[in-house]
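Input: a single structure, listed below in structure tokens.
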Amino acid sequence: MIISWNTTNQCNMFCKHCYREAGAKDNEELNTEEGKMLIDEIVKAGFKIMIFSGGEPLMRKDIFELVEYAAKKGLRPVFGTNGTLITQEVAKKLKDIGTMGMGISLDSLDPKRHDTFRGYEDGFKQAVEGMENCVKAGLPFQIHTTVMDWNSSELEAITDFAVEKGAVAHHIFFLVPTGRAVDIEEETLRAQEYEDIITRILKKQKEVPIELKPTCAPQFIRIAKQLDMDIRFKKGCLAGLSYCIINPKGEVQPCAYLNIPLGNVRDKPFSQIWKEDPVLKELRTLDYKGGCGVCDFKTSCGGCRARAYFYHEKDYMAEEPWCLYQGRKGY
């Protein structure tokens with residue numbers, strides 16, 4: 001059970017693919033006490049891992065207080081961050097208050113390409129410095145890469161870079177068109193590329209000591225089985241099943257890229273939304289349409305519900321559009 005809280009809409013970057021369209025702080029963001037109440041509800045609902053994300057979560061002034069509170073409540077606090085604000089002092093403090101890991105974004109080994117994609121000068125340099133500061137503080141970190149048509153050839157090299165820098169994992173995110181990412185939809189991967197790159201990632205896993213994970217590419221479960229690989233992940237798309245997200249204003253949605261408001265934690269306790277919301281209940285039926293509905297791997301893969309939503313006129317139970325398998329029998 002893993003949950004992500006977009007703690008703030010404020011960000012020092014202006015990334016081309018940002019699902020939250022982050023930049024300026026929102027005036028209606030949950031305050032410190034509301035954040036702590038949310039954490040209590042997250043614990044009550046049975047979640048174990050809590051991602052503090054944004055925007056850029058380290059721009060939130062009370063972030064250390066909130067993380068420490070979450071840790072004391074028994075959650076495993078981790079971060080999704082661009083890494084630019086992780087000074088040696090910040091890394092040490094995060095470690096001291098119970099942070100269990102940092103997910104740091106790095107989209108290219110070419111600093112100019114990374115910085116252009118992220119809309120921030122010296123973003124690459126500062127992200128790498130953030131990684132090095134994590135190592136010095138004994139704070140585990142992993143690299144997050146959003147794969148596009150222009151950086152797909154770099155993935156194995158970024159993995160090698162992650163190993164070199166001391167990362168514990170390299171998670172590769174497959175873009176879903178939502179937020180600002182709608183404007184660069186044509187740069188996303190299509191079916192055969194999608195399949196080929198997942199296969200490359202899994203083959204690379206056999207060569208390196210750190211964890212590699214295709215994210216928002218649930219077909220990796222099926223492809224791993226076809227490659228006779230034993231991986232620890234047992235489920236592809238987790239949206240509404242064992243994962244959801246809360247935005248800066250307290251609105252709950254099934255995942256970061258499935259922008260369906262399920263209710264606001266200011267109006268209804270989160271644990272109640274998680275248990276009772278009809279959209280979540282429908283997602284949990286696994287009653288998918290098209291190829292996903294008859295697929296051998298329906299229960300282990302599930303197809304990307306957010307991608308189905310975007311490409312099938314907001315039908316989140318439709319089939320995954322970029323899957324080559326499409327329910328074929330016989331494997």
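Side-chain atoms are counted along with the backbone in the values below, which use heavy atoms only and exclude waters and symmetry mates.
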List the steps, then state whether salt bridge (charged side-chain N to carboxylate O under 4.0 Å, His left out) holds for E89 with K93.
-> CA-CA 6 Å; E89 181 183 5; K93 188 166 185 179; over 6 Å; no

Tell me whether [X] contacts the main-chain N or O of [Y] through its side chain, where contact means a donor paired with an acceptor under 3.5 Å.
X	Y	value
E29	D26	yes
E319	G291	yes
K235	T299	yes
R76	G98	no
N264	K249	yes
T285	K281	no
N6	G55	no
E41	S271	yes
Q205	L212	yes
R307	E320	no

Would you say that [X] contacts [Y] through its side chain, given a criterion of any heavy-atom pair below 4.5 Å between the two side chains?
X	Y	result
K204	H170	no
R222	Y325	yes
T116	K112	yes
M100	I49	no
K36	K73	no
P254	E282	no
Y120	Q126	yes
K165	E132	yes

Does [X] share a hydrophobic cluster with [Y], counting links as ILVMFWY side-chain heavy atoms below 4.5 Å and allowing steps through other members?
X	Y	result
Y194	I201	yes
I51	L139	no
F141	V163	no
I260	Y288	yes
I197	F220	yes

Would N12 and T84 count as a side-chain hydrogen bond (donor to acceptor under 3.5 Å, both in side chains) if you check the C-alpha gap in whole Å, the side-chain angles of each, and the deciding distance to 0.1 Å?
-> CA-CA 9 Å; N12 56 344; T84 62; 2.9 Å; yes

Of all the heavy-atom pairs spanning [X] and [Y], show the shortest one and how long it is.
X	Y	value
L106	H114	CA-CE1, 3.7 Å
G240	L280	CA-CD2, 3.6 Å
A308	A318	CB-O, 3.5 Å

Do E56 and T8 have a side chain donor and acceptor closer than 3.5 Å?
-> no

Are D110 and S108 close enough that a side-chain donor and a side-chain acceptor fall under 3.5 Å?
-> no

Does [X] [atom1] have over 12 foreign heavy atoms under 6.0 Å away?
X	atom1	value
N27	CG	no
K234	NZ	yes
R113	CZ	yes
K44	NZ	no
M37	CE	no
E121	CD	no

Quick one: side chain to side chain donor-acceptor pair (under 3.5 Å) partners of E28, sequence neighbours excluded?
-> none

Decide side-chain contact (heavy atoms from CB on, under 4.5 Å) for L258 and V279; before the verdict, give the C-alpha distance in whole Å, the side-chain angles of both, and the deciding distance to 0.1 Å.
-> CA-CA 11 Å; L258 190 51; V279 172; 5.9 Å; no

Does the cation-pi check pass for R118 over F124, that is, NZ or CZ under 6.0 Å from the six-membered ring centre and within 45° of its axis?
-> no

Does the ring of F233 carry K213 above it, NZ/CZ under 6.0 angstrom from centre and within 45° of its axis?
-> yes

Aromatic contact, W150 with F117 (centres under 6.0 Å) = yes

Among I198, I158, T215, L155, whose side-chain contact (heavy atoms from CB on, under 4.5 Å) with V147 holds?
-> L155

Only residue of L94, V168, I143, V78 satisfying side-chain contact (heavy atoms from CB on, under 4.5 Å) with M102 is L94

Take M229 and K206 through the test side-chain contact (heavy atoms from CB on, under 4.5 Å) and record every step on the way to the result.
-> CA-CA 9 Å; M229 292 179 65; K206 298 178 180 180; 3.6 Å; yes

Classify the ring geometry between F270 and W274 as parallel (under 30°), tilted (30 to 60°) or perpendicular (over 60°).
-> parallel

Verdict with reasoning, Y243 to S4, per side-chain contact (heavy atoms from CB on, under 4.5 Å) = CA-CA 8 Å; Y243 171 78; S4 180; 3.8 Å; yes

Are K136 and E129 ion-paired here, with the side-chain N under 4.0 Å from a carboxylate O?
-> no

Can you check side-chain contact (heavy atoms from CB on, under 4.5 Å) on R266 and E34, steps first, answer last?
-> CA-CA 8 Å; R266 285 183 169 126; E34 289 172 324; 2.9 Å; yes

